[in-house]
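Here's the structure, in structure tokens; my notes come after.
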Protein chains: 2
Amino acid sequence: MLTIGRLAAYAGVTIRTVRHYHQVGLLPEPERDASGYRRYGAGDVVALIKIRTLADAGVPLSEIDGLLRAGPAGFAEAVQRIDARLAGEIARRQTSREQIARLAAGDVASLPPEVIDYLRRLRELGVSERILAGERDGWIIMAARWPDEVVTWIPAKIAQLQDPRLVRLYLLMSEAVDDGAPDDSLLTGIVDLLAALLAEAEWTDPGEDLPFDLLDALADEAGPRAERLRQMMRERGWDGWTRQRRVS
Amino acid sequence: MLTIGRLAAYAGVTIRTVRHYHQVGLLPEPERDASGYRRYGAGDVVALIKIRTLADAGVPLSEIDGLLRAGPAGFAEAVQRIDARLAGEIARRQTSREQIARLAAGDVASLPPEVIDYLRRLRELGVSERILAGERDGWIIMAARWPDEVVTWIPAKIAQLQDPRLVRLYLLMSEAVDDGAPDDSLLTGIVDLLAALLAEAEWTDPGEDLPFDLLDALADEAGPRAERLRQMMRERGWDGWTRQRRVS
DNA sequence: TCGAAGGTTGACGCTGCGTCAGGGTCAAGC
DNA sequence: GCTTGACCCTGACGCAGCGTCAACCTTCGA
């Protein structure tokens with residue numbers, strides 16, 4: 001006759017595990033001795049080992065009882081199911097590993113390499129890190145919702161960078177955000193340039209259902225200076241950030 | 001300004017998930033409007049997407065906050081840790097798959113192939129399934145505790161099967177357990193044969209710390225007939241099942 | 001004005017035990 | 001007979017990451 005501790009030791013589990021199996025009905029409660037101790041027999045050792053064998057193989061406890069009672073056919077079928085589940089879990093973790101590998105390479109929010117490349121170009125042009133962070137946030141939102149489309153927008157964005165006036169705009173804005181207290185002439189220069197570019201060409205509109213309001217809000221959240229610029233633009237008849245429209 | 005539902009939709013998560021992140025402090029609670037609704041900004045969308053990116057990559061929620069605040073070095077180190085954890089989980093599940101593959105082939109309690117082979121030989125000799133089940137249970141106990149040693153005992157066991165008297169003993173016992181009410185002459189024959197074999201040669205003793213008492217108990221749990229046999233053996237001066245000793 | 005759709009807090013459920021609290025029991029040495 | 005240490009008992013919370021009620025309030029469109 002065995003105590004619960006010796007039983008557990010034979011099967012290589014903890015006492016708590018044995019009691020848990022009693023609780024869920026996986027292992028029947030044995031007789032008690034006069035002092036209330038559980039007393040086990042050799043058959044319990046075998047039963048417990050069988051349970052552990054299946055549990056170690058990844059079978060959920062809730063299915064083990066059925067498996068032990070199943071015939072060869074049911075057993076084989078259940079084994080199939082469990083193997084498929086394990087395979088799925090492995091696959092999920094493998095994609096996770098690829099994901100975090102990409103995260104380690106890029107930044108914290110896995111963007112497609114094309115976007116990463118576009119951001120790199122901006123940085124090389126001397127655009128401020130603050131502006132870059134805002135750009136990246138915008139792309140993060142877009143990439144989350146349209147992961148396949150964003151990469152198709154990139155060539156046009158890169159082509160736009162050929163225009164030295166746009167580059168100059170970016171640099172002026174960089175100066176504005178990095179300078180503690182930019183004078184009004186800088187802001188005026190930005191607005192002039194922006195208005196000129198807008199007047200010249202309608203921006204290519206990549207789609208109607210895109211969350212421009214959200215991206216605009218993102219820009220506005222950058223701080224009071226952004227709002228000031230927006231106000232100045234509105235005075236010249238333009239509204240919005242990511243899709244400017246003529247107003248008034 | 002976004003409601004919780006729209007925020008959740010942007011990030012591709014459920015409302016419950018967003019609230020959970022608030023609860024654990026992963027995402028800061030936003031302002032409320034007059035009616036108590038949470039109002040989110042675009043920055044929250046970005047923050048939530050970043051969180052989900054890491055969570056989808058298998059990062060535990062408790063580590064995500066630290067990761068988002070970490071510098072490149074800390075980030076890389078954390079990524080290393082998480083990747084190692086994922087690799088471990090994958091490895092565990094792969095061994096699980098191998099395990100259940102073996103279970104599907106053999107029986108419910110993965111025994112080493114040598115033992116499976118030994119049991120197959122017994123079955124081919126015509127030994128009863130009931131006896132076989134008992135034998136298998138015994139081997140299960142042994143294999144659980146001495147997985148490496150059991151395979152070394154098998155050759156001797158197989159060699160013993162060359163003795164036609166031992167085979168005959170097995171068959172007589174099979175008859176005894178399968179027959180509803182075996183007559184005493186059958187039991188006497190078993191005891192005679194067993195005593196003769198014992199008298200002739202000491203069984204090879206595979207080790208001192210083996211749980212003979214447990215195996216004996218296992219045999220006894222087979223039912224009253226086993227106890228009867230043991231009693232008859234004791235009358236002839238032998239005790240125990242798996243390691244018989246002379247008594248008196 | 002009404003109903004559907006969306007929001008609020010609070011709480012339990014799931015897996016497989018680990019761990020703590022607050023005891024009783026057994027065997028051995030003094 | 002007493003202490004000590006190793007066991008055993010029940011009961012209950014905790015863990016990760018939400019899903020899923022329940023019971024109620026708000027907003028919006030017809």
Side-chain angles (χ1 to χ4, degrees), chain A residues 1-27 29-41 44 48-67 81-82 85-86 88-89 92-93 96, chain B residues 1-27 29-41 44 48-67 81-82 85-86 88-89 92-93 96:
Chain A
M1 284 305 179
L2 304 169
T3 65
I4 194 172
R6 308 235 298 119
L7 169 72
Y10 269 123
V13 302
T14 69
I15 292 177
R16 182 65 183 87
T17 299
V18 176
R19 287 206 271 246
H20 182 64
Y21 292 167
H22 289 324
Q23 211 175 334
V24 299
L26 192 48
L27 194 65
E29 281 270 5
E31 306 282 302
R32 307 295 184 107
D33 66 9
S35 60
Y37 286 19
R38 296 177 177 85
R39 306 322 295 249
Y40 298 89
D44 296 313
L48 185 51
I49 290 175
K50 289 183 179 175
I51 290 171
R52 280 314 304 176
T53 306
L54 292 174
D56 289 339
V59 181
L61 294 193
S62 54
E63 297 184 28
I64 289 183
D65 189 57
L67 260 188
R81 258 205 346 271
I82 291 156
R85 188 174 52 73
L86 285 174
E89 291 179 8
R92 239 170 296 154
R93 276 155 179 85
S96 285
Chain B
M1 283 306 178
L2 305 169
T3 64
I4 194 171
R6 309 233 300 117
L7 169 71
Y10 269 123
V13 302
T14 68
I15 292 178
R16 183 66 183 86
T17 298
V18 176
R19 288 207 270 247
H20 182 64
Y21 292 168
H22 288 325
Q23 212 174 336
V24 299
L26 192 50
L27 194 65
E29 281 269 6
E31 306 283 302
R32 308 293 184 108
D33 65 11
S35 62
Y37 285 18
R38 296 177 177 85
R39 306 322 295 248
Y40 297 90
D44 295 313
L48 184 50
I49 290 175
K50 288 182 179 175
I51 290 172
R52 280 315 306 175
T53 305
L54 291 173
D56 288 339
V59 181
L61 294 192
S62 53
E63 295 183 29
I64 288 184
D65 190 58
L67 259 188
R81 256 206 344 271
I82 291 155
R85 187 174 52 74
L86 286 174
E89 290 180 8
R92 241 170 296 154
R93 277 157 178 84
S96 286

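Just so it is clear, the structure is predicted and the values come from calculations on it, not from any experiment. Side chains are part of it too, since the values below use all heavy atoms of this structure and drop only hydrogens, waters and symmetry mates. Each chain gets a letter, A, B and so on, in the order its sequence line appears, and its residues count up from 1.
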#### Entry: Nucleotide-resolved protein contact map, nucleotides 21-30 of chain D, B/S/- at heavy-atom distance under 4.0 Å
-----BS---
### Nearest listed nucleotide, side chain of A:Arg38, among D:dC18, C:dC17, D:dC9
D:dC9
### Query
How many Å lie between CD1 on A:Ile51 and P on C:dG16, as a whole number?
12 Å
Does a side-chain N or O of [X] approach OP1 or OP2 of [N] to a distance below 4.0 Å, or not?
X: B:Arg19; N: C:dT8; answer: yes
X: B:Thr17; N: D:dG17; answer: no
X: B:Thr3; N: C:dG7; answer: yes

### Task
Check for a donor-acceptor pair, side chain of B:Thr3 on one end and backbone N or O of B:Arg39 on the other, with a separation under 3.5 Å.
no
### Message
For the backbone of B:Gly58 and the side chain of B:Arg85, can you confirm whether one donor and one acceptor N or O come within less than 3.5 Å of each other?
### Response
yes
### Worked verdict on B:Leu54 versus B:Lys50 for side chain to side chain contact (heavy atoms under 4.5 Å, CB included)
CA-CA 6 Å; B:Leu54 291 173; B:Lys50 288 182 179 175; 5.9 Å; no
### Task
Return the 5'-most residue of the pair A:Ile4, B:Ser62 with respect to DNA chain D, ranking by each residue's nearest nucleotide.
A:Ile4
### Message
Both B:Ala55 and A:Glu29 contact DNA chain D. Taking the nearest nucleotide for each, which residue is further toward the 5' end?
### Response
A:Glu29
### Task
Starting at the 5' end of DNA chain C, write a dot or bracket for each base, bracketing those in Watson-Crick or G-U wobble pairs whose two distances are under 3.5 Å and using | for partners on another strand.
||||||||||||||||||||||||||||||
### Message
Taking any heavy-atom pair under 4.0 Å as a contact, classify A:Arg32: base, sugar-phosphate, or nothing.
### Response
sugar-phosphate
